[in-house]
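Heads up: the structure comes next, in structure tokens.
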Amino acid sequence: MTLAARDLRFAWERGGPDAVNGVSLGLEPGELLVLVGPNGSGKSTLLALLSGWLGPDAGGVALDGVALGRVRPRERARRLAYLPQRVAPLYDLTVAELVATGRYPWGGTVPGPPVDDPVVGRALAATGLARLAERPFGTLSGGERQRALLASVLAQETRWLLLDEPTAALDLHHAVAIFHLLEAAAAEGRGVLAVTHDLNLAALFATRVGLMCAGRLEALGEPGDVLTAPLLERAYGPEVLVGSHPEAGRPSVLPRRGGRP
């Protein structure tokens, strides 16, 4: 079983440049694949194509061997969860009610308050939001909102997880905690694909790293093979220094002091 893309191409305007240009990759159960790359490199567009939110101009996506477009929406939602960068405001919902939306593909929650659903309760606990279950979503901080949205995706209980910048607006402690959650989800046999701008979190936690640049997948492999100075300079320019994490032995990426403005 895989979530596989073959030669995906997509442009936002007819005749315009390709936002995604000939990308092929496969996500396997049990791995945490992390996409990195500069702004505008096509990471979010690729994730939207893999989720089915966008249709490709060429190429295709297969979910467990079946063309994604042939999988009915409810069945797709039971197998694949997608957290985009931006979500429509849900300020009228409590945190527990928001997380419970992840149960809709399975017929909703058990009778009673959403927090009584054991799956919702586990997702709230995993993201550190149990004490905020009854708080209105609109009263949360940016980082708390991000964790609540992630909890709703975890409550969906799918084999495949696609997450666009799941640690945006989170402090270091919570960002690391989220990647531990994603690592644990992969260890349970799920296939997890996450986009991040944090090269060091990608280095520490990813099974594989994909480096995007100008719509292309420039490199795909283990963190030590992808997060190298020559490859990162090709994508980001000569503003990076690559060393080794003192404990994990994985790459550690720092900016140069004299980078461009």
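- Here I178 contributes atom CD1 and H173 contributes atom NE2; the two are 9.5 Å apart, rounded to the nearest 0.5 Å.
- Of all heavy-atom pairs between R79 and D64, the closest is NH2-OD2, 3.1 Å.
- Counting non-hydrogen atoms of neighbouring residues, nucleotides and ligands closer than 6.0 angstrom, the CD atom of E188 exceeds 12 such neighbours.
- Salt-bridge check for R122 with E157: passed, with a basic side-chain N closer than 4.0 Å to an acidic carboxylate O.
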Stepwise side chain to side chain contact (heavy atoms under 4.5 Å, CB included) check, L27 with T2: CA-CA 6 Å; L27 177 64; T2 59; over 6 Å; no
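- With hydrogens and angles ignored, the 3.5 Å screen pairs no side-chain donor or acceptor of R190 with any backbone N or O of A185.
- Between the side chain of T94 and the main chain of P136, no donor-acceptor pair closer than 3.5 Å is present.
- There is no side-chain donor-acceptor pair under 3.5 Å between N200 and H245.
- Pairs engaging residues 47-86 under the ring-ring contact (aromatic ring centres under 6.0 Å, His included) rule: W53-Y82 [sequence neighbours left out].
- At distances below 3.5 Å, at least one donor-acceptor pair connects side-chain atoms of E144 with backbone N or O atoms of S141.
- The main-chain N or O of G138 is found under 3.5 Å from a side-chain atom of R145 such that the two form a donor-acceptor pair.
- In this structure a side-chain-to-backbone donor-acceptor pair under 3.5 Å is present from R76 to L68.
- Atoms CZ and CG, from R147 and L129 in turn, are 5.0 Å apart once rounded to the nearest 0.5 Å.
- Separating the CZ atom in F179 from the CG atom in L204 is a distance of 9.5 Å, to the nearest 0.5 Å.
- Formation of a donor-acceptor pair under 3.5 Å by the R9 side chain with backbone atoms of D57 is not found in this model.
- A salt bridge links E31 and R208; the closest N-O separation between the charged side-chain nitrogens and carboxylate oxygens is under 4.0 Å.
- Counted by atom type alone, S44 and Q85 present one or more donor-acceptor pairs between their side chains at under 3.5 Å.
- Atom CG of residue L47 and atom CG of residue L49 lie 9.0 Å apart, to the nearest 0.5 angstrom.
- No side-chain N or O of D7 forms a donor-acceptor pair with one of S24 less than 3.5 Å apart.
- Between the K43 side chain and the G37 main chain, a donor and an acceptor come within less than 3.5 Å of each other.
- The distance from the CG atom of N21 to the CG atom of L8 is 10.5 Å, given to the nearest 0.5 Å.
- Between the side chain of W106 and the main chain of Q156, a donor-acceptor pair closer than 3.5 Å is present.
- Rounding to the nearest 0.5 Å places CG of L193 at 12.5 Å from CD of E28.
- A side-chain donor-acceptor contact under 3.5 Å links R103 to the backbone of A155.
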